[in-house]
Protein chains: 2
Amino acid sequence: MKKGQNICDVESCFLCKNSLEEWKPAISAHKTTYKVKKGEVIFKEGDPVTGIYFVNSGCIKVYKKWDKDKELIVRFAREGSLFGHRGLGKGGFYPISAAALQPTVVCYVDIAFFEATLKVNSGFTYQLLMFLTEELKQSERKMRNLAHMPVKGRVAEALISLQNQFGITPDGFINIDLSRQDLASYAGATYETVFRMMNELVNEKLIDLSGKSIRLLNRDELLKLAQDIVFL
Amino acid sequence: MKKGQNICDVESCFLCKNSLEEWKPAISAHKTTYKVKKGEVIFKEGDPVTGIYFVNSGCIKVYKKWDKDKELIVRFAREGSLFGHRGLGKGGFYPISAAALQPTVVCYVDIAFFEATLKVNSGFTYQLLMFLTEELKQSERKMRNLAHMPVKGRVAEALISLQNQFGITPDGFINIDLSRQDLASYAGATYETVFRMMNELVNEKLIDLSGKSIRLLNRDELLKLAQDIVFL
DNA sequence: TACAAATTGTGACATTTATCATGTTATTAA
DNA sequence: TTAATAACATGATAAATGTCACAATTTGTA
């Protein structure tokens with residue numbers, strides 16, 4: 001989607017910039033880069049933690065399962081994003097699953113080396129700390145929304161959040177190819193309910209659909225639905 | 001409730017042990033200790049971040065508001081726990097509120113000093129990172145539960161979680177004095193619904209009530225309701 | 001290409017959960 | 001102590017959301 005060059009690798013990842021300069025050679029020696037197909041699961045909840053991943057190109061979803069055919073998408077990781085870091089700390093098992101939404105190239109650093117890096121490179125640790133703080137804020141915001149905000153508002157927020165994360169194509173559609181089921185899992189509701197809410201949003205001229213592509217027509221009204229002005 | 005002595009202060013806080021030894025004098029010079037009354041709000045969502053807090057004695061709830069008379073309790077902080085650290089990072093505003101559930105003594109370290117400490121003391125930063133990772137895991141677990149688990153299961157899980165956090169009195173009741181409204185806010189449902197679920201649990205002999213005290217009679221069955229064996 | 005499988009669209013219906021109303025019982029403050 | 005206020009209890013009802021069933025369409029693949 002971008003200009004065909006790797007704008008992100010572990011070494012150039014936004015998180016690591018400035019912090020891993022002197023670490024580059026060591027990282028390169030410890031990383032493994034490989035491709036995953038669309039739909040392929042990289043690791044599952046309960047799998048023993050083996051390493052931390054970076055998205056080189058493509059996109060993956062981080063999710064938690066419920067009941068075999070229900071899930072909640074916790075976040076997406078795009079080019080330049082870290083994932084699998086929830087495997088840090090106690091337990092030794094990933095608490096979430098990760099699967100590719102597109103053909104994706106990931107790069108992998110084994111956990112022992114990653115933790116060793118953290119212990120030594122305090123600038124990096126500090127940046128990771130800030131990153132986790134932001135994730136925690138997002139997560140708790142979403143928690144409250146799941147508890148109290150109606151599905152329509154959650155769909156509105158999910159759409160805005162997707163646009164913020166993935167941007168838009170030249171003709172104004174959100175620049176990600178997501179199944180309706182995944183959209184529902186991201187909003188934390190069933191496919192059918194989300195489908196109805198999308199219809200309502202279309203009737204209210206807040207969004208516009210073309211195939212599975214979605215275009216936001218009235219961001220302000222959508223934000224009002226999400227009842228929160230200060231956000232992302 | 002404990003034996004009348006301060007078993008935790010910033011200097012002896014579980015988080016800081018081993019990491020802040022050499023930092024003690026500086027911390028002492030920068031901390032302020034004060035009392036808050038039951039029900040008193042320490043800071044609110046949207047307040048500018050001024051510092052990080054530790055619970056010296058007592059208990060506080062960390063929550064997010066919705067709609068003036070609804071809220072979701074995100075976590076509790078007891079003796080020895082840190083709170084207000086969601087104020088770290090971008091924004092400069094607390095994303096959550098904190099209020100005392102009991103007469104509580106908190107101790108406060110201003111944010112600039114705290115951040116300076118983080119930048120210098122990498123052992124402490126590392127431990128805080130691990131702490132945040134655990135919080136994130138908890139948070140995402142709860143997120144999924146709010147999205148998919150029925151209220152009854154959430155109540156069951158909330159009760160088990162409370163018992164794990166606060167322990168039991170000699171006669172077996174969960175050692176915290178929480179209003180039913182707060183319990184509902186913790187489970188992420190309305191007072192009335194939680195009330196009904198509690199009645200069901202009583203009828204099923206899974207719990208036992210005495211005033212506002214709650215005793216778990218069948219932890220295993222409650223865990224089954226929460227449909228997750230691997231947990232806290 | 002052609003078939004199977006997955007995804008999407010849509011209505012009818014069931015269930016869960018929230019809302020409202022109202023009475024009762026504690027707690028707090030004067 | 002008493003009045004006032006907040007917390008608790010509980011049923012009736014409404015609204016939101018999920019479940020089920022099934023057709024249409026798209027996608028992946030043999």
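Chain naming here is simple, since letters A, B, ... match the order of the sequence lines and numbering starts at 1 in each.
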(message) Between A/Asp182 and B/Val194, which residue's closest nucleotide on DNA chain C lies nearer the 5′ terminus?
(response) A/Asp182

(request) Would you kindly give the CZ-to-C1' distance between B/Arg180 and C/dT25, to the nearest whole Å? (result) 13 Å

(request) Any chance you could measure B/Ile52, atom CD1, to B/Asp110, atom CG, to the nearest 0.5 Å? (result) 9.5 Å

(request) Mind checking the CG-CG spacing from A/Asn164 to A/Leu159? Nearest 0.5 Å is all I need. (result) 11.0 Å

(request) Just say parallel, tilted or perpendicular for the rings of A/Phe43 and A/Tyr94, cut-offs at 30° and 60°. (result) parallel

(request) Calculate the interatomic distance between B/Asn145 atom CG and C/dT16 atom P; express it in whole Å. (result) 18 Å

(request) Would you tell me if any nitrogen or oxygen in the side chain of A/Tyr191 comes within less than 4.0 Å of OP1 or OP2 on C/dG9? (result) yes

(message) For a quick test of reading the model: is some side-chain N or O of A/Lys212 closer than 4.0 Å to OP1 or OP2 of C/dT8?
(response) yes

(message) Working to the nearest 0.5 angstrom, can you tell me the gap between A/Ser81 OG and A/Phe54 CZ?
(response) 10.0 Å

(message) Under 4.0 Å between a side-chain nitrogen and a carboxylate oxygen: does that hold for A/Arg154 and A/Glu157?
(response) no

(message) Looking only at side-chain N and O atoms, does B/Ser213 offer a donor or acceptor that is under 3.5 Å from a partner on B/Ser210?
(response) no

(message) Does B/Arg154 contact C/dT17 through a side-chain donor or acceptor facing the base, at a distance under 3.5 Å?
(response) no

(message) Rounded to whole Å, please give me the gap between CZ in B/Phe195 and C1' in C/dA21.
(response) 15 Å

(request) Measure the acute angle between the ring planes of A/Tyr53 and A/Tyr34, then classify it against the limits of 30° and 60° as parallel, tilted or perpendicular. (result) perpendicular

(message) Judged by each residue's nearest nucleotide on DNA chain C, which is more toward the 5′ side, B/Lys152 or B/Lys38?
(response) B/Lys152

(request) For the pair B/Lys70 and B/Thr190, evaluate side-chain contact (heavy atoms from CB on, under 4.5 Å) and give the outcome as yes or no after the intermediate values. (result) CA-CA 8 Å; B/Lys70 278 184 201 168; B/Thr190 58; 5.5 Å; no

(request) Scan A/Thr193 against the nucleic acid and name what it touches under 4.0 Å (heavy atoms): base, sugar-phosphate only, or nothing. (result) base

(request) Have a look at B/Glu192 and say if it touches a base, only the backbone sugar-phosphate, or nothing, with a 4.0 Å heavy-atom cut-off. (result) base

(message) Within the 4.0 Å heavy-atom criterion, would you say A/Lys70 contacts the bases, only the backbone, or no part of the nucleic acid?
(response) sugar-phosphate

(request) Would you kindly compare A/Met197 and B/Gly211 by the position of their nearest DNA chain D nucleotide and give the one closer to the 5′ end? (result) B/Gly211

(message) Using five pairs at each end of the helix from C/dT1-D/dA30 to C/dA30-D/dT1 to define an axis, what is the angle between those two axes, to 10°?
(response) 50°

(message) Quick check for you: name the first and last nucleotides of DNA chain D, 5' to 3', having an atom under 4.0 Å from a heavy atom of chain B.
(response) D/dC8 to D/dA12

(message) Consider salt bridge (charged side-chain N to carboxylate O under 4.0 Å, His left out). Of B/Lys64, B/Arg86, B/Arg75, which one does A/Glu140 pass it with?
(response) B/Arg86

